[in-house]
Amino acid sequence: MDVDPPLYKAYKTLFDKTINELAPLNGNTPAVVDECELPLIDLSRLSLGEAEREDCKSQIARASQEWGFFQVVNHGISRELSEKMRSEQENVFKQPFEKKSQEDKYMKFSAGSYRWGTPTATCLRQLSWSEAFHIPLNNISGSDNGLMDNLSSTVEQFATTVSDLALKLAEILAEKLGHFPTFFHENCLPSTCYLRMNRYPVCPVPSEVFGLMPHTDSDFLTILLQYNVGGLQLVKDGKWIAVKPNPDALIVNIGDLFQAWSNDVYKSVEHRVVTNAEVERFSTAYFLCPSYDTVIDSGCEPSVYRKFSFRNYRRQVQEDVTKLGFKVGLPRFIV
């Protein structure tokens with residue numbers, strides 16, 4: 001039953017609990033509905049006339065308010081680059097677990113990059129059946145970055161393009177709020193942003209465990225490259241919606257920091273990844289994060305949230321996950 005990484009072996013005590021102790025994955029959560037197409041935005045319109053450009057910006061803001069998720073095409077990542085990213089990523093994850101778990105020695109990643117499962121899980125609902133490499137952007141840029149040669153240039157090309165895209169989208173959303181767009185260039189730097197390469201192995205018990213448990217993202221924006229295998233689901237109007245894969249599009253979602261910074265105008269929406277009993281799934285996510293000292297303040301009166309630094313937010317999330325087994329997030333900071 002086990003896979004690489006040894007998820008079943010490591011969390012065997014959770015699987016051995018009696019069936020009465022196991023809360024079904026859908027438990028008290030919204031029921032899943034059919035696959036749905038996210039709002040699709042053509043970014044090439046930003047290069048057209050003023051009317052087209054402004055309408056495109058309005059679409060981005062509207063999707064961020066109504067969905068918290070949208071997808072973009074003509075985003076600068078070619079199909080060739082995305083396929084190469086998938087291939088190189090797959091090669092990395094197919095390395096033996098012993099090598100992946102000593103990533104600084106064998107894989108030439110920085111120590112602590114490789115993560116799998118959920119160390120704090122106390123029940124199956126809190127376990128993520130997945131593995132990932134977290135790569136800070138400042139470990140990617142430059143020739144002496146330590147990454148394996150075949151992966152390095154691909155990741156650097158992808159990261160550079162998607163980082164520029166994230167800043168562009170963040171500036172548009174700030175502009176629509178009447179905020180200063182330069183905030184993101186000043187506070188979201190290569191040393192604070194990162195990529196996460198994800199693999200969701202085939203799972204023999206997909207009805208009992210998530211690929212990634214329900215959560216919101218603790219950043220400003222997340223940009224996701226997924227391939228032909230679905231699994232991403234999000235909450236819309238009180239229901240779980242399965243996102244239909246679009247190989248030509250990147251998925252963008254609002255994070256907690258943007259929801260607070262916008263005073264609840266833009267929505268950080270709960271989402272999850274379900275497991276698959278037949279095929280594995282790969283994805284790559286980019287996270288637009290500020291420095292730990294950055295203060296999140298909507299500048300609005302009345303403000304929904306009190307001012308907080310990103311450091312304080314991360315610390316509170318980590319404390320809650322350790323004590324409760326799940327993230328509480330923004331409700332901790334409501335005025």
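All residue numbers in this chain count up from 1 along the given sequence. Quick note: numbers below take in every heavy atom, side chains included, and nothing from hydrogens, waters or symmetry partners.
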Within this structure, what is the CG-CD distance for the pair D237 and E66, rounded to the nearest 0.5 Å?
9.5 Å
With distance as the sole test, does E35 use its side chain to make a donor-acceptor pair with the main-chain N or O of K244 at under 3.5 Å?
no
Qualifying residue for ring pair (Phe, Tyr, Trp, His ring centres under 6.0 Å) with W261, from Y313, F184, F308, Y305
F184
Nearest heavy-atom approach of F310 to C289 is CE2-CB, 4.1 Å
Write down the atom of P181, the atom of A174, and the distance for their closest heavy-atom approach.
CA-CB, 4.1 Å
For the pair Q126 (side chain) and T122 (backbone), establish whether a donor and an acceptor sit closer than 3.5 Å, ignoring hydrogens and angles.
yes
List the atom pairs, donor and acceptor, that lie under 3.5 Å between side-chain atoms in residues 162-173 and the rest of the protein, sequence neighbours left out.
residue, atom, partner, partner atom, Å
S163, OG, Y286, OH, 3.4
E171, OE2, H185, NE2, 2.5

Should R315 and E319 count as an ion pair when the cut-off is N to O under 4.0 Å?
no
A side-chain contact here means heavy atoms from C-beta on lying under 4.5 Å apart; do D248 and N74 qualify?
no
Testing E103, K99, M197, H134 one by one against Y114 for a side chain to side chain contact (heavy atoms under 4.5 Å, CB included), which residue passes?
E103
Taking the side chain as C-beta and beyond, is there a heavy-atom pair between V335 and P302 under 4.5 Å?
no
Please lay out, stage by stage, how Y11 and L14 fare under the test side-chain contact (heavy atoms from CB on, under 4.5 Å).
CA-CA 5 Å; Y11 297 97; L14 301 186; 3.9 Å; yes
Is the side chain of S101 donor-acceptor paired with the backbone N or O of F97 at a distance under 3.5 Å, no angle test?
yes
Are any side-chain N or O atoms of R45 and backbone N or O atoms of R53, one a donor and one an acceptor, separated by less than 3.5 Å?
no
Return the OG1 to CG distance between T192 and N187, rounded to the nearest 0.5 Å.
8.0 Å
Heavy-atom side-chain contact between L224 and L250 under 4.5 Å:
no
Indicate whether any N or O donor in one side chain lies under 3.5 Å from an N or O acceptor in the other, for S47 and S44.
no
Hey, could you give me the CG/CD1 distance between L195 and I135, rounded to the nearest 0.5 Å?
6.0 Å
Please list all pairs passing the ring pair (Phe, Tyr, Trp, His ring centres under 6.0 Å) test where one or both residues lie in residues 56-83, with sequence neighbours left out.
F69-H271
Beyond-backbone contact of C56 with I41, side-chain heavy atoms, under 4.5 angstrom:
yes
Check W129 against P204 and note the closest heavy-atom contact, atom names and distance.
CZ2-CD, 3.7 Å
Between Q259 (side chain) and S268 (backbone), is there a donor-acceptor pair under 3.5 Å?
yes
Would you indicate whether F180, at its atom CZ, is surrounded by more than 12 heavy atoms from other residues, nucleotides or ligands within a distance under 6.0 Å?
no
Quick one: is the NZ or CZ of R86 closer than 6.0 Å to the six-membered ring centre of Y227, and within 45° of its axis?
yes
When hydrophobic residues are tied together by side-chain contacts of less than 4.5 Å, even through go-betweens, does V202 share a cluster with V92?
no
Please report the closest heavy-atom contact between S283 and Y200, naming both atoms and the distance.
OG-CE1, 4.0 Å
Could you give me the CA-CA distance, side-chain angles and deciding distance for E90 and K94, then say whether salt bridge (Lys or Arg N to Asp or Glu O under 4.0 Å) is met?
CA-CA 6 Å; E90 188 171 348; K94 285 189 174 180; 3.0 Å; yes
Do F183 and C188 have side-chain heavy atoms sitting under 4.5 Å apart?
no
Less than 3.5 Å apart, any donor N or O on the side chain of R199 or Q89 sitting next to an acceptor on the other?
no
Check for a donor-acceptor pair, side chain of T154 on one end and backbone N or O of K84 on the other, with a separation under 3.5 Å.
no
Short side-chain to backbone donor-acceptor contact, S64 and G68, under 3.5 Å:
no
From E280 CD over to N198 CG, what is the distance, rounded to the nearest 0.5 angstrom?
12.5 Å
If Ile, Leu, Val, Met, Phe, Trp and Tyr residues are connected whenever their side-chain heavy atoms lie under 4.5 Å apart, and connections chain through other members, are I223 and F287 in the same group?
no
Side chains of N312 and Q316, donor plus acceptor under 3.5 Å:
no
When D219, D217, T216 are each screened for side chain to side chain donor-acceptor pair (under 3.5 Å) with N253, the one that passes is D217
I'd like to know if the side chain of K236 reaches the main chain of I241, judged simply by a donor and an acceptor atom lying under 3.5 Å from each other, with no hydrogens or angles considered.
no
Tell me which one of Q318, R314, K327 satisfies side chain to side chain donor-acceptor pair (under 3.5 Å) with S218.
K327
E131 with K100: basic N within carboxylate O range, under 4.0 Å:
yes
Show, in sequence, the C-alpha distance, side-chain angles and deciding distance for N91 and E88, and conclude whether the side-chain contact (heavy atoms from CB on, under 4.5 Å) test is met.
CA-CA 5 Å; N91 289 338; E88 298 294 350; 4.0 Å; yes
Of all heavy-atom pairs linking L137 and Y194, the shortest is CD1-CA, 3.5 Å
Once rounded to the nearest 0.5 Å, what's the spacing between atom CD of E270 and atom CE of M213?
9.0 Å
Look at the rings of F258 and F220 and say which category their plane angle falls in: under 30° parallel, 30 to 60° tilted, over 60° perpendicular.
perpendicular
Do V321 and L127 land in one hydrophobic cluster if side-chain heavy atoms of ILVMFWY residues count as linked below 4.5 Å?
yes
Starting at CZ of F15, measure out to SG of C123 and round the result to the nearest 0.5 Å.
11.5 Å
Backbone N or O of S128 within a donor-acceptor pair of the T118 side chain at under 3.5 Å?
yes
Under 4.5 Å between side-chain heavy atoms, hopping through other hydrophobics if needed: is there a path connecting V205 to L124?
yes
Passing option when R281 is tested against L232, T275, N276 for side chain to side chain contact (heavy atoms under 4.5 Å, CB included)
L232
Shortest non-hydrogen contact between L212 and H215, atoms and distance:
CD2-CE1, 3.4 Å
Hey, is R306 close enough to D297 for a salt bridge, meaning N to O under 4.0 Å?
no
Looking at side-chain heavy atoms only, is the closest gap between F109 and L151 below 4.5 Å?
yes
Membership question, hydrophobic clusters at under 4.5 Å side-chain separation (ILVMFWY): are I251 and V274 in the same one?
no
Among side-chain atoms of S303 and S298, is any donor-acceptor pair under 3.5 angstrom?
yes
Are the side chain of S78 and the backbone of L81 linked by a donor-acceptor contact shorter than 3.5 Å?
yes
